[in-house]
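Working notes, beginning with the structure itself.
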Amino acid sequence: MTNRHRLTSVETVEDDGAWLFTVRDQHDMNQEVILVPCEDGVTAWVNNCTHEPQRLYRDDIGVVMRDGGIVCPKHGSIFDACSGDCGNGPAAETTLLSVGITVEDGSVYLTDDAVDFLWEGGNSSDDDDDSGPSSTTHLTF
Ligand code: FES
């Protein structure tokens, strides 16, 4: 059976320049994935540079695109947004890890059996931890 989870609309990806979400992979690890617009439509890539463990999407600036490519914020290698291929800089001759999606009627669906959708946004749970009081009063006698 194929996983099929509606992620967002093509329009949102085009307007925002990128759309970040988190999946659980086959090794039970959480992975961030980015949707980016390209001339063929929308593509999905694991949010990691192939050169070093560096996120391509950053919370402060999102994904930097140049000439139809995703720019790595660390050393500047550029990955083609349609193919994921890199032809320059320290990540040259590598390709981003793709995630299976389907575009239908203006919506983007996750259709990759190897992963399960977890949530929209990144994998950091630090923000959530700050929000509530850390009371343990129910454990005291
Ligand atoms: S970490 Fe991306 S090019 Fe070096």
Side-chain angles (χ1 to χ4, degrees), residues 1-140:
M1 198 175 94
T2 303
N3 273 329
R4 186 180 166 94
H5 181 96
R6 185 184 185 277
L7 297 168
T8 186
S9 66
V10 172
E11 191 178 5
T12 298
V13 178
E14 289 173 348
D15 287 351
D16 295 355
W19 198 83
L20 179 71
F21 65 105
T22 303
V23 298
R24 174 79 41 85
D25 70 13
Q26 286 175 311
H27 308 290
D28 230 17
M29 300 286 291
N30 292 6
Q31 286 278 8
E32 293 184 353
V33 182
I34 48 172
L35 298 178
V36 292
C38 84
E39 58 190 18
D40 296 341
V42 173
T43 50
W45 309 105
V46 171
N47 186 30
N48 276 318
C49 183
T50 53
H51 176 225
E52 287 179 4
Q54 167 66 45
R55 299 170 81 224
L56 300 169
Y57 182 107
R58 295 197 348 199
D59 297 326
D60 50 346
I61 54 172
V63 173
V64 174
M65 305 280 289
R66 189 182 307 146
D67 299 330
I70 302 164
V71 182
C72 174
K74 193 163 184 182
H75 301 122
S77 283
I78 301 176
F79 298 86
D80 185 278
C82 290
S83 68
D85 294 339
C86 179
N88 56 78
E93 311 307 321
T94 66
T95 303
L96 294 175
L97 280 178
S98 66
V99 175
I101 58 167
T102 300
V103 175
E104 206 174 283
D105 296 332
S107 290
V108 186
Y109 297 88
L110 177 66
T111 52
D112 193 325
D113 287 337
V115 300
D116 290 314
F117 179 82
L118 289 179
W119 52 71
E120 177 181 349
N123 191 31
S124 170
S125 58
D126 296 346
D127 299 342
D128 301 337
D129 293 343
D130 295 339
S131 55
S134 56
S135 169
T136 56
T137 51
H138 61 290
L139 294 176
T140 59

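Counting convention: from 1, in listed order, for ligands and their atoms alike.
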Sequence neighbours excluded, every pair satisfying ring-ring contact (aromatic ring centres under 6.0 Å, His included) that has a member inside residues 81-114 = none
Non-hydrogen side-chain atoms of Glu104 and Thr111 separated by less than 4.5 Å = no
Which atom pairs, donor and acceptor, lie under 3.5 Å between side-chain atoms of residues 38-45 and protein residues at least two apart or in another chain?
unit_1	atom_1	unit_2	atom_2	d
Thr43	OG1	Trp45	NE1	3.0
Thr43	OG1	Ala81	O	2.6
Trp45	NE1	Ala81	O	3.3

Between side-chain atoms of residues 91-99 and protein atoms elsewhere (two or more places apart, or another chain), which donor-acceptor pairs fall under 3.5 Å?
unit_1	atom_1	unit_2	atom_2	d
Thr94	OG1	Thr50	OG1	2.5
Thr94	OG1	Ala91	O	2.5
Thr95	OG1	Asp85	OD1	2.7

Check: Gly121 main-chain N/O paired with Thr22 side-chain donor or acceptor under 3.5 Å = yes
query = So do Val63 and Ile34 actually touch side chain to side chain, heavy atoms under 4.5 Å?
reply = yes
inquiry  = Please give me the protein atoms (N, O or S only) lying under 2.8 Å from atom 2 (Fe) of ligand 1, ordered by chain and number.
reply    = Cys49 SG, Cys72 SG
